[in-house]
A.B. asks: 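Before I ask anything, let me first share the structure, which is written out below as structure tokens.
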Protein chains: 2
Amino acid sequence: MTDDLKLKIKQAAVEHFNKDGYHGATIRNIAQDVGCSLPMVYYYYKSKKELFYEIIKKDYFDIIARQANMLRITNLLDFYTQFVYQINHLSDYDKKVYRLGVKVYLSFDGDVELMEIMDKWEKNILPRHYELIMPHLKTQKDGVVVVRTLVHLMENLIESIVVKGRYISEDEIREELSIILQ
Amino acid sequence: MTDDLKLKIKQAAVEHFNKDGYHGATIRNIAQDVGCSLPMVYYYYKSKKELFYEIIKKDYFDIIARQANMLRITNLLDFYTQFVYQINHLSDYDKKVYRLGVKVYLSFDGDVELMEIMDKWEKNILPRHYELIMPHLKTQKDGVVVVRTLVHLMENLIESIVVKGRYISEDEIREELSIILQ
DNA sequence: ATCTTTCTTTAACGTTCGTTAAATATATTA
DNA sequence: TAATATATTTAACGAACGTTAAAGAAAGAT
């Protein structure tokens, strides 16, 4: 209820962390954007670091998990095209959170603790897609290489959308993925 | 001669900009690492911003240009495998400069002026590779899509090496690129 | 109506930042 | 050697930072 101020603070924080980075963003500017006094930020979050942590640990991984729990595969190419394409249509807030997550993933922001979480997550990426893809792979290609290449290409496409702020059409995505998926 | 202090300052700056980002890095820490007093940084660089600019505008684009001016193509796959693989063996300093450049390229650091330089550069990437690749493309595939996909995959591989600090073997690179180059 | 809890602000704290003025040392030139 | 130019330091400036103490306002409970 009144905790909608807490939410607005987090949203403004996402905005500022995005624009100026962790060190460049200031609690004062965040509070000013929200229209509340500076100590209100400390009323809801015990420090700047905790505010950043909540954004990454909760919001970012929520988006990632939501995306990972997508519907089952019928057609490999269709599935992965949608997997990437839908990111175009995330809310502005989610896109900014995603961008912050990528920044931590690339160790451009965050600290050791967040990097460890990212590393653990990253280790699951290839195996997870391998399990998804292998049953549907028709060709005699080396599956491990196909999965690795696919994941690398998708990482770049998602980065374009979420970090550089581009829109990539469904056709473009399908064209590129189809080269790898045969 | 004595300008080797200027160089040492820039090298320490690259280190700190890399570790802490533009806002997180401080002139004081840079000077301390070099072993000189703080104002010496201002003796050679008129501001923190100018120091960052020189690293990106001079050093980063030097690396990029050096890489772009590589030997001519005989075999497409060999060429691009080497194109990516050699990045593993850049000097530590060059890798850090490269990492900073990628950070600006992704608009995680820098300002409007640097972004414009990056945008202008980025516009040339696809056409340049298109001209390189097209004469050597044996298949009937759509060349534009192949080039785009290749560049996207390479961007991800280079980012892994330079930003995440991974080493990627020649075989791994060739395996992935060969999926796209036939 | 009073008491208590929750929300919010004013005002300041100590620290650190980018930057510069002024003085000093070192080297170069005459 | 005296004069000049270059290199370097000490010390400080004002501004902005993250954070907190203390007090006031609003809301809820008794």
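This structure is a prediction, so every number in the text was calculated from the model and none was measured. Each chain gets a letter, A, B and so on, in the order its sequence line appears, and its residues count up from 1.
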A.B. asks: Looking at A:Tyr43, does any N or O in its side chain come under 4.0 Å of the phosphate oxygens OP1/OP2 on C:dC7?
C.D. replies: yes
A.B. asks: Regarding A:Tyr93 and A:Gln11, is there a side-chain donor-to-acceptor distance under 3.5 Å anywhere?
C.D. replies: no
A.B. asks: Output the rounded distance in Å from CG (A:Asn29) to C1' (D:dT19).
C.D. replies: 16 Å
A.B. asks: Could you give the CE-to-P distance, from B:Met40 to D:dT9, as a whole number of Å?
C.D. replies: 6 Å
A.B. asks: Rounding to an integer number of Å, can you tell me how far B:Leu5 CG sits from D:dA7 P?
C.D. replies: 10 Å
A.B. asks: Side chain of B:Tyr42 only, please: which of C:dT8, C:dG18, C:dT9 is the nearest?
C.D. replies: C:dG18
A.B. asks: Nearest nucleotide by nearest heavy atom, which residue falls closer to the 5' end of DNA chain D, B:Arg28 or A:Ser47?
C.D. replies: B:Arg28
A.B. asks: Ion pair present between B:Glu172 and B:Arg166, side-chain N to carboxylate O less than 4.0 angstrom?
C.D. replies: no
A.B. asks: Taking the six-membered ring of A:Phe17 as reference, does the cationic atom of A:Lys48 (NZ for Lys, CZ for Arg) lie under 6.0 Å from its centre and within 45° of its axis?
C.D. replies: no
A.B. asks: Mind calculating the distance between NZ (A:Lys49) and C1' (D:dT19) to the nearest angstrom?
C.D. replies: 15 Å
A.B. asks: Under 4.0 Å between a side-chain N/O of B:Tyr44 and OP1 or OP2 of D:dT8, yes or no?
C.D. replies: yes
A.B. asks: Which atom names give the shortest non-hydrogen contact between A:Val147 and A:Leu126, and what distance separates them?
C.D. replies: CG1-O, 3.9 Å
A.B. asks: Kindly point out which of C:dT19, C:dT8, D:dC17 is positioned nearest to the side chain of A:Thr26?
C.D. replies: D:dC17
A.B. asks: Report which part of the nucleic acid B:Ala25 touches: base, sugar-phosphate, or nothing (heavy-atom distance under 4.0 Å, all strands).
C.D. replies: sugar-phosphate
A.B. asks: Among the candidates C:dT8, D:dT8, C:dT20, find the nucleotide nearest to the side-chain atoms of B:Leu38.
C.D. replies: C:dT20
A.B. asks: Determine the minimum heavy-atom distance between B:Leu157 and B:Ile168, stating which atoms define it.
C.D. replies: O-CD1, 3.8 Å
A.B. asks: Can you check the A:Ile30 CD1 to D:dG18 P distance for me, whole Å?
C.D. replies: 8 Å
A.B. asks: Please compare A:Lys46 and A:Gly24 by the position of their nearest nucleotide in DNA chain D and report the one closer to 5'.
C.D. replies: A:Gly24
A.B. asks: For A:Gln32 and C:dT9, what is the distance between atoms CD and P respectively, to the nearest whole Å?
C.D. replies: 13 Å
A.B. asks: From CZ of A:Phe52 over to C1' of D:dG18, roughly how many Å is that when rounded to an integer?
C.D. replies: 16 Å
A.B. asks: For the pair made of CD1 in B:Ile27 and P in D:dA12, what is the distance, rounded to whole Å?
C.D. replies: 21 Å
